[in-house]
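We name chains A, B, ... by the order of the sequence lines, and we start the count at 1 in each one.
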Number of protein chains: 2
Amino acid sequence: MDLTARTADQLGEALRRARKARGWTQSDISARTNLRVATISSLENGGAGTKLATVMAIMAVLKLEFRLVTRGSSVDIEDIF
Amino acid sequence: MDLTARTADQLGEALRRARKARGWTQSDISARTNLRVATISSLENGGAGTKLATVMAIMAVLKLEFRLVTRGSSVDIEDIF
DNA sequence: GCTCCTTTTGCGGTGTAGCGCAAATCGGAG
DNA sequence: CTCCGATTTGCGCTACACCGCAAAAGGAGC
């Protein structure tokens, strides 16, 4: 399960996979975030215009966080120590 | 240099650090993205309303990518099993 | 085929990001 | 303290996310 993203498209797809990995529907996320199902759908399909707040709200209920890594390096040096 | 973020605030701060680590000014980013300096400033200061496209554009010039990890664990659970 | 759940798409309305442009404030170097 | 580049803030404007509500389209199972 690769949850790495360089584009809004990839981020949307990663969030969709993380959601499904938890066995949740868009409706489940909607209930926990007060976001419309349509908004979640839009983001998962690569909505680059989506607000950062929307992304963070969804990540919060999925218990996810971002790690910014340099493109190309699979692991941050700091992660090892 | 911890580039992990759970909130828009932390993401903004992480982007600022990544930018400075490259020795760039907001103006440098602006020139490479067609975003206003003011927009970049707003994002770095935690603008949750910022559009995802804005974040991705900045990350692109900084050669960064997202990695979605489960909150609290330094390694993604799925990576182990 | 049909049914049920999930996801996507659409419309009118409201709020706000990002724009150009500008001014104000901050911060380090001398 | 004085410069001067970097960052932040403000105004009027346009564009669009997100809302509620609804309907249409997908997809799995019977």
Side-chain angles (χ1 to χ4, degrees), chain A residues 1-66 68 70-71, chain B residues 1-66 68 70-71 77-78:
Chain A
M1 172 125 119
D2 184 17
L3 292 175
T4 299
R6 281 184 290 263
T7 66
D9 268 55
Q10 292 170 355
L11 178 57
E13 187 56 40
L15 287 173
R16 168 168 280 151
R17 280 197 256 174
R19 172 175 62 78
K20 294 202 164 182
R22 283 212 155 60
W24 288 1
T25 64
Q26 290 178 349
S27 184
D28 289 329
I29 305 281
S30 174
R32 290 170 169 79
T33 56
N34 292 324
L35 293 169
R36 288 187 318 150
V37 169
T39 299
I40 299 161
S41 169
S42 169
L43 170 59
E44 290 189 352
N45 286 306
T50 306
K51 290 178 192 168
L52 186 53
T54 301
V55 177
M56 301 316 287
I58 293 175
M59 287 186 50
V61 302
L62 286 175
K63 298 197 200 309
L64 294 173
E65 65 188 14
F66 280 136
L68 284 92
T70 303
R71 192 164 42 185
Chain B
M1 174 134 95
D2 184 17
L3 293 176
T4 299
R6 258 170 260 172
T7 66
D9 268 55
Q10 292 170 356
L11 178 57
E13 188 54 40
L15 287 174
R16 168 167 279 151
R17 280 196 253 173
R19 172 175 63 78
K20 295 203 164 183
R22 281 219 153 63
W24 289 359
T25 66
Q26 291 178 347
S27 184
D28 290 329
I29 306 281
S30 174
R32 291 169 168 78
T33 57
N34 292 322
L35 293 169
R36 287 188 318 151
V37 169
T39 300
I40 299 162
S41 169
S42 169
L43 169 59
E44 290 188 353
N45 286 308
T50 306
K51 289 175 194 166
L52 186 53
T54 301
V55 177
M56 302 316 288
I58 293 175
M59 288 186 49
V61 303
L62 288 175
K63 298 197 198 307
L64 293 174
E65 64 187 13
F66 279 136
L68 291 160
T70 304
R71 188 161 59 192
I77 298 242
E78 274 82 15

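- Among the atoms of the strands shown, none is found under 4.0 Å from any heavy atom of A:I40.
- A:T33 places no side-chain N or O within 3.5 Å of a backbone atom of A:I58 that could act as its donor or acceptor partner.
- Distances were taken from every side-chain heavy atom of A:L35 (C-beta onward) to each of D:dC19, D:dT8, C:dT7; the shortest belongs to D:dC19.
- For C:dC5, neither phosphate oxygen OP1 nor OP2 lies less than 4.0 angstrom from any side-chain nitrogen or oxygen of A:S27.
- The separation between A:K51 atom NZ and D:dC18 atom P is 6 Å, rounded to whole Å.
- When the nearest nucleotides of DNA chain D are assigned to B:D28 and B:A38 by heavy-atom distance, the more 5′-ward of the two goes with B:D28.
- No donor-acceptor distance shorter than 3.5 angstrom exists from the side chain of B:E44 to the backbone of B:I40, with no hydrogens or angles considered.
- OP1 or OP2 of C:dG18 has not a single side-chain nitrogen or oxygen of B:R36 nearer than 4.0 Å.
- Contact annotation: A:R16 reaches the phosphate of C:dT8 (side-chain N/O to OP1 or OP2, under 4.0 Å).
- Side chain of B:R19 to main chain of B:W24: a donor-acceptor pair is present (N/O by atom type, distance under 3.5 Å, no hydrogens or angles).
- Counting only heavy atoms from C-beta on, A:Q26 has its side chain closest to C:dT7 among D:dC19, C:dT7, D:dT7.
- When the side-chain nitrogen and oxygen atoms of A:S41 are compared with OP1 and OP2 of C:dT8, one or more of them lie within a distance under 4.0 Å.
- Note on B:T39: every side-chain N or O is 4.0 Å or more away from OP1 and OP2 of C:dG18.
- The residue B:S42 sits apart from the nucleic acid: no heavy atom pair falls under 4.0 Å.
- Atom CG in A:N34 sits roughly 17 Å away from atom C1' in C:dG15 (whole-Å rounding).
- Across all strands, A:T50 comes closer than 4.0 Å only to sugar-phosphate atoms, never to a base (heavy-atom distances).
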